[in-house]
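Throughout, a chain's letter reflects where its sequence line sits, starting with A, and its residues are numbered from 1. Remember, it's a predicted structure, so these values are computed and weren't measured experimentally.
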Amino acid sequence: MTAPASIKTRFAPSPSGHLHVGGARTALFCWAYAKGRGGTFILRIEDTDQKRSSDAASIGFAKDLRWLGIDWDEGPEFEGCGGGPNGSYFQSQRLPIYEKHLRALLDSGKAYYAFETTEELAALRDAAKRENRPFRYTASLAPARSEAEVAALRESGKPAVIRFRTPPAAITIEDEILGSATIPAGETDDFVICKADGFPTYHFAVVVDDELMGVTHVLRAQEHFNNSAKHIVLQDALGFRRPIYGHLPLIFNPDGSKMSKRDKDKVLRKGLAEKGVSAPPDGTVDPARFAAWLKDKTTQLELEESTALAAHFGITLPEINVDDFRRSGYLPEVLCNFLSLNGWSPGGDLEKFDNEFLRTHFDLPRVVKTPAKFDRAKLLSFNMTAITTMPRDEFVRKVAAHGAAFHPRFMEKLSEGQFRGLCDASHERSKTLDDLFRTNGFLTVADDALLIDPKAVKKVLEGGSPTGYEHLKALRERLGATDDWSVAGLEAAIKPYAESAAGGNLGTVAQPLRVALSGGTVSPPIFDTLAILGKASATKRIDLCLAHCPATL
RNA sequence: GGCCCCAUCGUCUAGCCUGGUCCAGGACACCUCCCUUUCAAGGAGGACACAUGGGUUCGAAUCCCAUUGGGGUCACCA
């Protein structure tokens with residue numbers, strides 16, 4: 001067979017925490033590259049670090065990937081994706097495979113046991129640093145031992161790692177995105193390929209799996225660039241093929257810092273400080289844990305804890321992970337589109353496209369070499385365009401699904417008719433699927449529990465001539481006599497009043513109403529707000545508001 | 001610090017490979033005005049970049065070199 005082997009890419013996350021947007025973009029590009037060329041896309045779980053990996057994280061990754069519209073041909077089985085002849089796709093379940101190849105390297109003298117403890121290595125590194133020279137581990141650092149001595153040490157149970165005997169030669173990495181780069185001899189040291197706990201290191205597992213799974217193209221973040229040198233020497237030693245490499249530019253925060261969960265902690269600390277919070281509300285975080293966290297800025301809360309705290313205090317945490325963006329009401333297709341634009345472009349002026357377009361157009365030469373700063377404002381703009389241009393029914397459907405998932409209490413309190421009315425009033429002003437829930441809390445509080453912003457009272461109700469209260473009182477009479485509470489009916493009832501009492505300036509009469517109904521100066525258009533609330537609730541709110549007005553009226 | 005990589009508006013980028021059509025295009029953000037029922041949105045304008053210095057060339061954003069700046073990496077984490 002001389003036909004070119006079909007293309008095979010893989011996304012290989014380590015299942016700790018949540019799927020980061022950077023990882024999502026890597027997955028997207030790997031997926032698009034393979035699928036656009038009739039190839040195969042693999043999802044492989046790199047769980048060789050026992051301490052950090054969790055099943056929950058693996059499932060979370062799979063879910064996030066599916067939400068983004070990414071499917072995999074081989075990998076863990078999830079919602080119809082995965083399976084395949086090269087399993088297991090969990091590295092922790094492939095230990096015998098790694099051991100076999102480790103054995104071969106050991107037997108041929110290309111790898112050796114090393115017995116230094118973590119502390120000893122740290123001391124060596126420190127010493128090197130003091131002398132201002134780089135530390136590189138080589139076999140010559142360890143005392144010369146005969147085979148029998150090594151065997152005896154092994155026998156005694158002394159912890160040992162296996163190191164690769166890196167050949168003393170320069171290594172050239174051919175990269176489809178960056179071009180080729182040569183790492184000088186001696187830069188790559190005798191790195192560890194098997195840890196003391198018997199698990200292979202990332203370097204070893206990746207090389208073995210990519211070979212065995214038939215991976216032809218390795219697309220990964222640029223932070224792995226130097227690792228490729230290690231992988232190449234390993235491939236040579238094991239007699240493996242060399243895949244084609246492509247290292248993708250990194251994605252940073254606008255200030256150039258790394259996007260990490262630390263960012264959430266920072267915002268949360270700041271928000272809590274501004275609000276003067278010194279103890280956690282019940283049901284959010286354990287008080288002792290909270291106190292410890294507050295004291296030590298280097299520690300971080302669990303994601304669930306910070307999310308609960310932020311929700312309680314109305315603090316908006318920066319989105320970092322894919323599920324953060326989902327929670328915030330971004331559309332998956334928009335996130336994919338925007339992520340693709342960070343590091344790749346189809347050329348020309350086109351920038352709005354879907355995954356199908358990406359699949360058929362993505363290529364390596366057009367990947368940019370420079371790191372990108374993640375611009376949420378532009379993402380938000382894309383999201384709004386997508387939302388406001390979708391059909392109304394689709395919007396209602398998506399908002400309802402979002403509400404069911406993230407705002408069940410809100411959904412319960414609204415009737416179907418009210419919800420539909422709210423959607424009609426909010427569609428064209430929604431930047432996210434979450435906006436409507438965040439900004440219309442006044443709809444779900446009891447009429448007599450509505451808090452009115454004092455600043456709004458002062459400005460809108462007490463101010464003006466006639467005052468807002470006076471308008472409100474007049475409006476209350478008209479509304480009481482109105483039975484048609486449709487948006488059009490309400491408009492017909494109120495507009496004439498605005499004509500006669502405010503010279504046609506609807507704003508003058510709408511704002512007092514808005515404050516009485518919503519407690520603040522921002523709400524959906526006033527006729528919609530009235531209609532959604534309904535006559536009973538709206539008139540009650542106005543009455544309650546009027547009851548608080550100064551006696552001078 | 002060693003090694004590797006990179007360098008166009010504030011940001012994401014087009015153009016660069018195959019020098020002239022680029023006094024550098026688009027998008028988001030920003031500014032001004034208009035519209036307006038709050039918040040948004042919308043309409044019309046506007047400001048804004050080839051990091052610097054040397055070459056090569058009739059001609060350079062595009063090719064070469066240096067400087068500066070940025071990033072990555074130097075783990076029994078991936």
Side-chain angles (χ1 to χ4, degrees), chain A residues 12-16 46-49 51-53 91 114 116-118 121-122 125 129 132-137 159-163 173 175 177-179 181-184 186-189 191-197 199-203 205-206 220-227 229 247 249-250 252 254 256 338 341-352 365-366 368-382 384 388 426 428-431 435 439 456 460 491 494-495 498 505-511 513-515 518 520-529:
Chain A
S14 94
S16 62
E46 311 227 324
D47 54 353
T48 54
D49 185 340
K51 287 186 292 290
R52 298 197 200 186
S53 303
Q91 289 185 329
E116 289 78 14
T117 64
T118 314
L121 287 171
R125 283 196 191 93
K129 198 167 185 185
N132 219 342
R133 60 180 166 79
F135 174 71
R136 302 275 182 269
Y137 189 102
V161 300
I162 300 173
R163 286 181 181 271
I173 305 166
D175 185 289
I177 294 165
L178 297 172
T182 300
I183 312 288
E187 273 300 315
T188 307
D189 71 354
F191 53 97
V192 174
I193 54 178
C194 181
K195 301 181 256 187
D197 64 4
F199 276 69
T201 60
Y202 162 72
H203 304 298
V206 158
R220 47 154 69 136
Q222 264 175 32
E223 60 191 2
H224 285 298
F225 191 82
N226 292 278
N227 289 337
H247 289 93
L250 268 13
F252 293 110
F338 183 71
L341 249 22
N342 278 253
W344 182 78
S345 104
D349 292 342
L350 180 72
E351 50 176 17
K352 299 265 174 90
R366 296 204 63 89
V368 300
K369 302 177 182 184
T370 52
K373 289 172 184 148
F374 193 82
D375 181 6
R376 283 192 182 72
K378 183 160 179 171
L379 170 65
L380 193 61
S381 166
F382 273 37
M384 193 197 71
T388 55
S426 306
E428 62 177 12
R429 58 204 345 101
S430 285
K431 295 187 175 187
D435 284 2
T439 56
V460 177
E491 191 165 350
I494 292 175
K495 274 245 168 99
N505 190 343
L506 190 55
T508 308
V509 305
Q511 278 308 79
L513 263 180
R514 200 181 313 275
V515 172
S518 74
T521 54
V522 179
S523 87
I526 199 64
F527 307 119
D528 294 273
T529 305

| query | B/C28 phosphate, OP1 or OP2: any side-chain N/O from A/K378 under 4.0 angstrom? | reply | no
| query | B/C12 P sits how many Å from A/D375 CG, rounded? | reply | 8 Å
| query | Ion pair present between A/K378 and A/E351, side-chain N to carboxylate O less than 4.0 angstrom? | reply | yes
| message | Output the rounded distance in Å from CG (A/N132) to P (B/G2). | response | 8 Å
| What's the verdict on side chain to side chain contact (heavy atoms under 4.5 Å, CB included) for A/K129 and A/F135, showing C-alpha distance, side-chain angles and the deciding distance? | CA-CA 7 Å; A/K129 198 167 185 185; A/F135 174 71; over 6 Å; no
| Under 4.0 Å protein heavy-atom contacts per nucleotide of nucleotides 67-78 of chain B, with B for base, S for backbone only and - for none | ----SBSSSBBB
| message | Can you build the contact string for nucleotides 32-48 of chain B? Use B for base contact, S for sugar-phosphate-only contact, and - for no protein heavy atom under 4.0 Å. | response | -----BBBBS-------
| message | I'd like to know if the side chain of A/Y202 pairs up with that of A/Q91 as donor and acceptor (distance under 3.5 Å, no hydrogens or angles considered). | response | no
Atom pairs, protein N/O to nucleotides 14-21 of chain B N/O, distance under 3.5 Å:
unit_1	atom_1	unit_2	atom_2	d
B/A14	O3'	A/R366	NH2	3.1
B/A14	O2'	A/G348	N	3.4
B/G15	OP1	A/R366	NH1	3.0
B/G15	OP1	A/R366	NH2	3.1

| query | Who passes side chain to side chain donor-acceptor pair (under 3.5 Å) against A/N227, sequence neighbours left out? | reply | A/H224
| side-chain contact (heavy atoms from CB on, under 4.5 Å) involving A/V522 - partner list, sequence neighbours excluded | none
| query | Mind checking who B/C35 pairs with, Watson-Crick or G-U wobble, both distances under 3.5 Å? | reply | none
| remark: With sequence neighbours left out, the residues meeting side-chain contact (heavy atoms from CB on, under 4.5 Å) with A/E187 are A/R136, A/I183, A/P184
| message | When you measure from the centre of the six-membered ring of A/F191, is the NZ or CZ of A/R163 closer than 6.0 Å and no more than 45° off the axis? | response | no
| query | Is the closest side-chain donor-acceptor distance between A/S53 and A/S16 under 3.5 Å? | reply | no
| Rounded to whole angstroms, how far apart are CG on A/L379 and P on B/U13? | 14 Å
